[in-house]
Number of protein chains: 2
Amino acid sequence: MAGKVEARKAALREKLVEAAEIRIARDGAGALRARDLAQDAGCALGAIYNAYDDLTAIIMAVNGRTFQHLGAAVEASVADADHEPPTQRLILMSNAYLRFAAENTNLWRALFDLQMTAEGPVPDWYLQALEGLFANIARPVAELFPGKGAEETGLMVRALFSSVHGIVLLGLERRISGVPPEQIETMIAQVLGQIGPG
Amino acid sequence: MAGKVEARKAALREKLVEAAEIRIARDGAGALRARDLAQDAGCALGAIYNAYDDLTAIIMAVNGRTFQHLGAAVEASVADADHEPPTQRLILMSNAYLRFAAENTNLWRALFDLQMTAEGPVPDWYLQALEGLFANIARPVAELFPGKGAEETGLMVRALFSSVHGIVLLGLERRISGVPPEQIETMIAQVLGQIGPG
DNA sequence: TCAGTATTTTGAACGTGGTTCAAATTGAAG
DNA sequence: CTTCAATTTGAACCACGTTCAAAATACTGA
């Protein structure tokens, strides 16, 4: 019975991220409360701190899942779009990004909100998840700018991702943008439609 | 001596925003503490709540100033650039935006961080300040796309602002972007340089 | 099986921080 | 100077993340 405690610990970790995911999705990461989480997971308040260092670590665990889902959604959007021109593939991915953000706003926000708050270095898997996203963008961009070097292409990839991210971010903040959600796609197309050589 | 209390109250409000501005600029809006603020302003803890509804209201007051400074910086960047082509003017404004954000990161972040947190409606002057920024962008955009209607131009203005905002936001988050600050200008130019008719 | 030891779980308690409010202080009026 | 209203004060309240000594549980050897 050596793995019994291990298994119980793992089960608790699992229950905690699941409960946290539900709460973050519903109320946002800022509304996550240790006491609520303990209740949801059916454990003692202190047990949370046996499973994770602190609440931030749990949010990070949720972010890990969210990144997976986000990455899958973006990749699926161009899974069978090889025949489409590169600009169109960029637009497809961006719309998938928008859709994911719109349907999972709080979880998606947690992905980027956390960075601002926490001081320490971003975990490695975080950066790698981002690189994964960038890799998908890099393919159409490389097709669009065959002449450019890797350096400049890499910057362009980040610039385009950041642009779409900004459009989605402010666009979903209805109170600021005043733009109805269905217009966000138009804005993305307006910007990405311009991208191309010469 | 009718206006005496009024004046004292106004003076306290002033001291509070000034102290808050200094603290937010140094440590970020999230690190603002009521007790520190009271000490800085030389008033009792409770006095804060005579002058303002809550800490959020003080941050909003600071944001009001920040918006003024930001608007002034952006306008100044194209003050005597009428002879420049529209794309160049967009780049000038964007670089001014970047520069302001880089030099006043915490104050600039507070401008957008707060929205996420607070639930209530955004105050009117907030939206008007944004409209003021948009108006500056609208001029070059209208020159670039003389054929487009007001509707589409308005969307494009928001799309471009959001794009630059996104590039600056993620670019300054060094831990995420991994891009050195001086490259952010390059990314802005990469995207804005593409904008133009047909 | 059981006593003894190690490990895990528990939740009361601590520290921090925003906000409140009864009491003290200050200012206005007679 | 006295009285009354308004303002100012800071101790106290509550919510929350986190800790840690004690209780519960699991493991080991006889």
Side-chain angles (χ1 to χ4, degrees), chain A residues 1-17 19-24 26-63 106 110 113-114 116-120, chain B residues 1-17 19-24 26-63 106 110 113-114 116-120:
Chain A
M1 312 283 164
K4 217 44 173 301
V5 266
E6 283 296 312
R8 255 154 74 73
K9 193 159 189 160
L12 179 57
R13 285 174 68 93
E14 181 66 14
K15 262 203 299 213
L16 282 170
V17 268
E21 186 173 73
I22 291 170
R23 284 207 173 261
I24 292 175
R26 183 163 16 135
D27 309 322
L32 192 65
R33 301 283 169 259
R35 284 164 178 81
D36 294 340
L37 214 47
Q39 193 117 59
D40 291 356
C43 71
L45 180 55
I48 292 175
Y49 298 91
N50 298 333
Y52 288 96
D53 276 358
D54 49 26
L55 282 196
T56 302
I58 298 185
I59 298 179
M60 281 303 240
V62 172
N63 282 348
N106 284 331
D113 274 13
L114 195 58
M116 321 293 182
T117 314
E119 279 306 300
Chain B
M1 312 283 162
K4 219 39 173 306
V5 265
E6 283 296 311
R8 253 155 75 73
K9 191 158 191 162
L12 178 57
R13 285 174 67 92
E14 181 68 13
K15 262 203 297 213
L16 282 171
V17 268
E21 185 172 74
I22 291 170
R23 285 206 173 262
I24 292 175
R26 182 160 18 130
D27 309 322
L32 193 64
R33 300 282 169 259
R35 284 163 179 82
D36 294 341
L37 213 48
Q39 193 117 57
D40 291 356
C43 71
L45 179 56
I48 292 175
Y49 297 90
N50 299 333
Y52 288 95
D53 275 358
D54 49 28
L55 282 196
T56 302
I58 299 184
I59 299 180
M60 281 304 243
V62 172
N63 282 348
N106 284 331
D113 273 13
L114 195 57
M116 321 294 181
T117 315
E119 277 307 298

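Only heavy atoms go into these numbers, but all of them, side chains included; no hydrogens, no water, no symmetry mates. Proteins come first, then strands; the chains are lettered A, B, ... in the order of their sequence lines, and each starts at number 1.
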Rounded distance in Å - CG (B:L55) to C1' (C:dT20)
14 Å
note: A:K9, atom NZ; C:dT8, atom C1'; distance rounded to Å ~ 8 Å
Heavy-atom closest pair, residues A:A29 and A:I24:
N-CG2, 3.8 Å
Spacing between B:I48 atom CD1 and D:dT9 atom P, to the nearest angstrom
11 Å
Can you measure B:D53 atom CG to C:dG18 atom C1' for me and round it to whole angstrom units?
14 Å
Taking only the side-chain heavy atoms of B:N50 (C-beta and beyond), determine which of D:dA11, C:dG18, D:dT9 contains the nearest atom.
D:dT9
Shortest non-hydrogen pair, A:I58 vs A:A20, comes out as CG2-CB, 3.5 Å
From OH of A:Y49 across to P of C:dC14 the rounded distance in Å is 17 Å
B:E14 meets the side-chain hydrogen bond (donor to acceptor under 3.5 Å, both in side chains) criterion, sequence neighbours left out, with B:R65
Whole-Å gap separating P (D:dC16) and CG (A:D54)
17 Å
Separation between CG of A:L32 and CZ of A:R26, rounded to the nearest 0.5 Å:
11.0 Å
Please determine, for the side chain of B:L45, which listed nucleotide (D:dA11, C:dG18, D:dG17) has the closest atom?
D:dA11
Atom-pair distance (CG on A:D27; P on D:dC16), nearest Å
12 Å
Nearest heavy-atom neighbours spanning B:A110 and B:N63:
O-ND2, 3.3 Å
Please determine which of A:D40, A:I48, A:V62, A:L55 meets the side-chain contact (heavy atoms from CB on, under 4.5 Å) test together with A:L16.
A:I48
Could you give the NZ-to-P distance, from A:K15 to C:dT9, as a whole number of Å?
11 Å
DNA chain C contacts among residues 30-41 of chain A, heavy-atom distance under 4.0 Å
A:R35
